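All of these numbers come straight from a predicted model, not from anything done at the bench.
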Amino acid sequence: MTTRASLLLELLTEELPPKALKRLGESFSSSIHQQLTAAELCDSRSVVTSFASPRRLAVHITDVLAQGPTRERQEKLLPVTIALTPDGKATPPLVKKLGGLGLVIDQDIKLSDLERVHDGKQEQLVYRFTAPGALLHEALQTALHQAIAQLPIPKVMSYQKSNGETVKFVRPAHGIVALHGAAVVPIHALGLTSGASTLGHRFHSPQPIVIQDADRYAKQLIEEGKVLAHFDQRRQRITDQLKALASPHQPVMPDALVDEVTSLVEWPVVIEGQFSEEFLSVPQECLILTMQQNQKYFALVDSQGQLVNRFLLVSNIESKDPTVVSSGNERVLRARLSDAKFFFDQDRKKTLASRIPDLSSVVYHNKIGHQGQRVDRLAALAKGWAPLFSADPAHAERAAKLAKTDLLTDMVGEFPELQGVIGTYYARHDQEPEEVALAIEGHYHPRFSGDALAPNATGNVLALADKLETLVGIWGIGLAPTGDKDPFALRRHALGVVRILIEQRIAISISALLQDALAVFKDVPAVKSDLHAIEEFILDRLRAFLKDKGHPAEAIEAVIGSCPDRLFEIPARLEALSHFMTLPEAASLSAANKRIGNILKKSDSVSAEFKEQLLHDPAEQTLGRLLKTLAPEAQALVSQGDYTQALTGLAVLRAPVDEFFEKVMVNADDPELRANRLALLASLHRAMNQVGDLSRLAA
C-alpha cells in the first residue's frame, strides 16, 4: 500500500501585505489542496489546515499519498480509416500519434494491442493502458507553481537573489518547507529549494527551527518560535485579550481592523494605554477613527457607548516592561489627537451657513457643475418632497443647503469618512434645529447593505433627494454602470431609494420622483433624459433586495408586473401572495389566470364590461354573478391595503372557473356571444390580478 502521511508546505517571506494576508493564506491552501486532490493524492479523508502569519503562508493536509493509485486509462488515437492502410499496416499519422505518447510500434506496443471502438459515428483506434499514479514530489511541484500564479497578489515585487537571479513575488521569499511526514519533499520555486528549516519570531526566536514532522509544525512554531501561525487562532487570541483587558468597558472591534492587526503580529500581546480626558471634547467618531486608521489601536466605550480615555494596542512582542511600550504609544497618540482637536477648534470658528457660498469653488462634476449648484437642486427637491414624509419643508430646505458644507472643513479634509457626522456636530454648535443637524449626517444613509435609514423624516427626504439627483444627473451624462464598474455607486444609490420608499411607506410613484429630479436639471443641457432606463435600473435593485429578503422570484415578478410604480405597497402584496399560495385553490386559479391571459392576448379588442343578459350557459351565468359581487369587494379591500383578504375572497372562484372552461366555448360562432365571453374573462382577469399577476405563479 502506498504510504499515507500528513503534508506540510510553507513559504517563508518578508512581511506580507496585512490587508491581503487572509485572502493570500486561503488561496494558497485551497489551491494546493485542489491540485493534489486532482492528482488523486488526497481524498475525503484529508483535512486541510491553512496557516497565514506576517511572514509565512502554509498549508497542512492530512492523509496524503506518496504516490497516487494506478488507473486503467484509454487514449483515443485516430479513426481506423486514417490510422491503418487497407492491408492493416500503420499509417504515418498513427506512427506520429503514438510517438507523441512515447510509444514506438513493435518496440513498446504492437498494432494488435490497439482496440477498435465504435463511437456512434465511426470506428476509432484506442490505446488502453495501466497508468502509474502521480508521484507526490511531481504533483506538489506543479501545485506550488500554480498556487503561486493564482495568489491574489495586490502588487508584485521584483527582487534579486544573491546569485543575481531576478524573482517576482508579493514579497521576497526566504525559504520553502515541504514535508511528507518527516521526509523532505524535493521541490523548488522562487529561486529556493525545499527543506525542513524555517524561522520563528523575528525578535523572540531569531534562530532557525527544524520542523521534525509535518504534524509538529504548528506546535513547534508556538513552543520554539513564539509564532501562532494559524490566522483564526491568532485572531481569537487577540479578541479574547481585548475583551478581558477592556473590562469594565467594551472594545470597539470592527472586523476589518481585527483582521488587519491579526495580519501584523505573530505573537499577539494586548497592552493598555491612556490619553488625556481633554480630548474627549472632540467628537468621538473622530478620535476612534484616528486610533483605528493611524495607529491600529482599539478604542473603548462605556455601557452607554461613550468613548473613555483608555485604549488597547496589540503588540508583537512579549515585553518585560509593558509600560515602556504603552508610554511610547501614548506619546504618539497624543500628537494625533492634538491635531484632531486643533482642527475641531478651528472649524468651529466659522459657521456652516457661512461656508455655503464657498461650495461654488468645489467641483461636483465638470458636466454638471459645482457643489453650490448641486445643493440648490437638493434644496428644491427636499422642500417639494417634504410633505410626503410629514417633514417640515423649511427644515428640509435648510438641511439641504448645509448638507455638503462640512466638505470644506479641516476635519473632513483630514477624515473624509466623517463627512456628515462632523456636519451634524457643527450644526449643533451653530444652534441649528436638531431636525436639521440630524439630517446632515442622515442624508448619507443607507450607506451600505443592511445600514439603517436616516433617524428622522428630514434626513430621509434629503437622502432620497441626494440619491435620485445623483442617479438622474450621473446617468444623464452617460455614466451609467457597466459590468463591474460603478464609480459613482449608482447601484447603492438605487438600493437606497428602494429602501427609503418601502420602509418609510412613501405613497408616490418612482416615475413621478424621477420626473421631479430631472426637472431640477433644466438648466444643465448635458443631462439627457433617460428616465425609463433609470426606473428599470431601480426595479432591478428592487428585485435583488426582495430576493435577499427570501421572496421567491415568481412572486416578485407577479407583484412588480402589476404594481411596478408604488414600492411601498410591495411587501404587503408579497405577504398576501405568500398566503394565497398556501390555499388549495391557488394552483388551479393561477393556471386558469395564465390561460385567460393567453386567450386575451390573441384577441384584437375586448370590451371593458360584460353584459349579464348575454350570459346563456349556466356555467358562465354562475361565474358572472359571482364576479359582480366579488370584484367590487376585492377592489375595495385592495384600496384599503387588505391584500390578503382580497385574494382569499377570490378563492371561491376556483370551481366556477374550472366549470366555465370545461363547459363553455369561449370562441363561439356568434360574434356577440364570443365578444361577451371575452369581456367576462377580461373582468375575471382584472379581478384576479389586483394584488399581483397570478399567471406568474403558475407552474
Quiz item: If you measure only the distance, is there a donor-acceptor pair under 3.5 Å linking the side chains of Tyr643 and Glu575?
Solution: no
Quiz item: Judged by atom type as modelled, is there a donor-acceptor pair below 3.5 Å linking the side chain of Lys19 to the main-chain atoms of Ala256?
Solution: no
Exercise. Side-chain contact test, heavy atoms from C-beta onward, threshold under 4.5 Å: evaluate it for Arg674 versus Asp670 and give yes or no.
Key: no
Quiz item: Checking Gln250 side chain against Ala246 main chain: does a donor-acceptor pair fall under 3.5 Å?
Solution: no
Exercise. Say whether, by atom type as modelled, one donor and one acceptor occur between the side chain of Ser603 and the main chain of Val606 under 3.5 angstrom.
Key: no
Practice problem: Scan His493, Arg374, Arg377 and name whichever one has a side-chain hydrogen bond (donor to acceptor under 3.5 Å, both in side chains) with Asp466. | Solution: Arg374
Output side-chain donor-acceptor pairs under 3.5 Å for residues 657-668, partner residues at least two apart or in another chain, one line each.
| unit_1 | atom_1 | unit_2 | atom_2 | d |
| --- | --- | --- | --- | --- |
| Asp658 | OD1 | Ser588 | OG | 3.1 |
| Asp658 | OD2 | Ser588 | OG | 3.3 |
| Glu659 | OE2 | Lys663 | NZ | 3.1 |

Quiz prompt | Side-chain (Arg696) to main-chain (Ser590) donor-acceptor, under 3.5 angstrom | solution = no
Self-check item: Separation of Leu647 CG from Met581 CE (nearest 0.5 Å)
Solution: 11.0 Å
Quiz item: With Leu567, which of Leu542, Ile500, Val497 fulfils side chain to side chain contact (heavy atoms under 4.5 Å, CB included)?
Solution: Leu542
Quiz prompt | Proximity of Trp475 and Phe537 rings by center, below 6.0 Å | solution = yes
Quiz item: How long is the span from the CG atom in Leu471 to the CG atom in Leu518, to the nearest 0.5 Å?
Solution: 12.5 Å
Quiz item: For Glu612 and Gln621, does a side-chain donor sit closer than 3.5 Å to a side-chain acceptor?
Solution: no
Practice problem: Look at the side chain of Asp302 and the backbone N and O of His249, then say whether any donor-acceptor pair between them is shorter than 3.5 Å. | Solution: no
Self-check item: Gln419 side chain to Pro416 backbone, donor-acceptor under 3.5 Å
Solution: yes
Quiz item: What do you reckon, is NZ of Lys611 surrounded by more than 12 foreign heavy atoms closer than 6.0 Å?
Solution: no
Exercise. Drop me the distance from Thr405's OG1 to Ile422's CD1, to the nearest 0.5 angstrom.
Key: 12.0 Å
Quiz item: Looking at side-chain heavy atoms only, is the closest gap between Leu684 and Met688 below 4.5 Å?
Solution: yes
Quiz item: Is a side-chain donor-acceptor pair under 3.5 Å present for Tyr425 with Glu285?
Solution: yes
Exercise. Say whether, by atom type as modelled, one donor and one acceptor occur between the side chain of Asp451 and the main chain of Pro446 under 3.5 angstrom.
Key: no
Quiz item: If you draw the axis of the six-membered ring of Phe568, does the NZ or CZ of Arg505 fall within 45° of it and under 6.0 Å from the ring centre?
Solution: no
Quiz prompt | Heavy-atom side-chain proximity of Pro152 to Leu24 below 4.5 angstrom | solution = yes
Quiz item: Does the side chain of Lys404 pick up a donor-acceptor pair with the side chain of His443 at under 3.5 Å?
Solution: yes
Quiz prompt | Contact list for residues 516-529, test side chain to side chain donor-acceptor pair (under 3.5 Å), sequence neighbours left out | solution = Trp385-Asp516
Self-check item: Given Leu352, Leu402, Asp392, Thr458, the one that forms side chain to side chain contact (heavy atoms under 4.5 Å, CB included) with Val436
Solution: Leu402
Exercise. Identify whether the distance between the nearest side-chain nitrogen and carboxylate oxygen of Lys401 and Asp376 falls below 4.0 Å.
Key: yes
Quiz item: What do the steps show when you test Gln293 against Glu417 for side-chain hydrogen bond (donor to acceptor under 3.5 Å, both in side chains), and what is the final call?
Solution: CA-CA 11 Å; Gln293 288 196 349; Glu417 301 88 346; 2.7 Å; yes
Quiz item: To the nearest 0.5 Å, how far apart are CZ in Phe415 and CD1 in Ile288?
Solution: 12.0 Å
Exercise. Would you kindly say whether Gln236 and Asp240 are connected by a side-chain donor-acceptor distance under 3.5 Å?
Key: yes
Quiz prompt | Qualifying residues under side chain to side chain contact (heavy atoms under 4.5 Å, CB included), relative to Asp540, sequence neighbours excluded | solution = Arg543
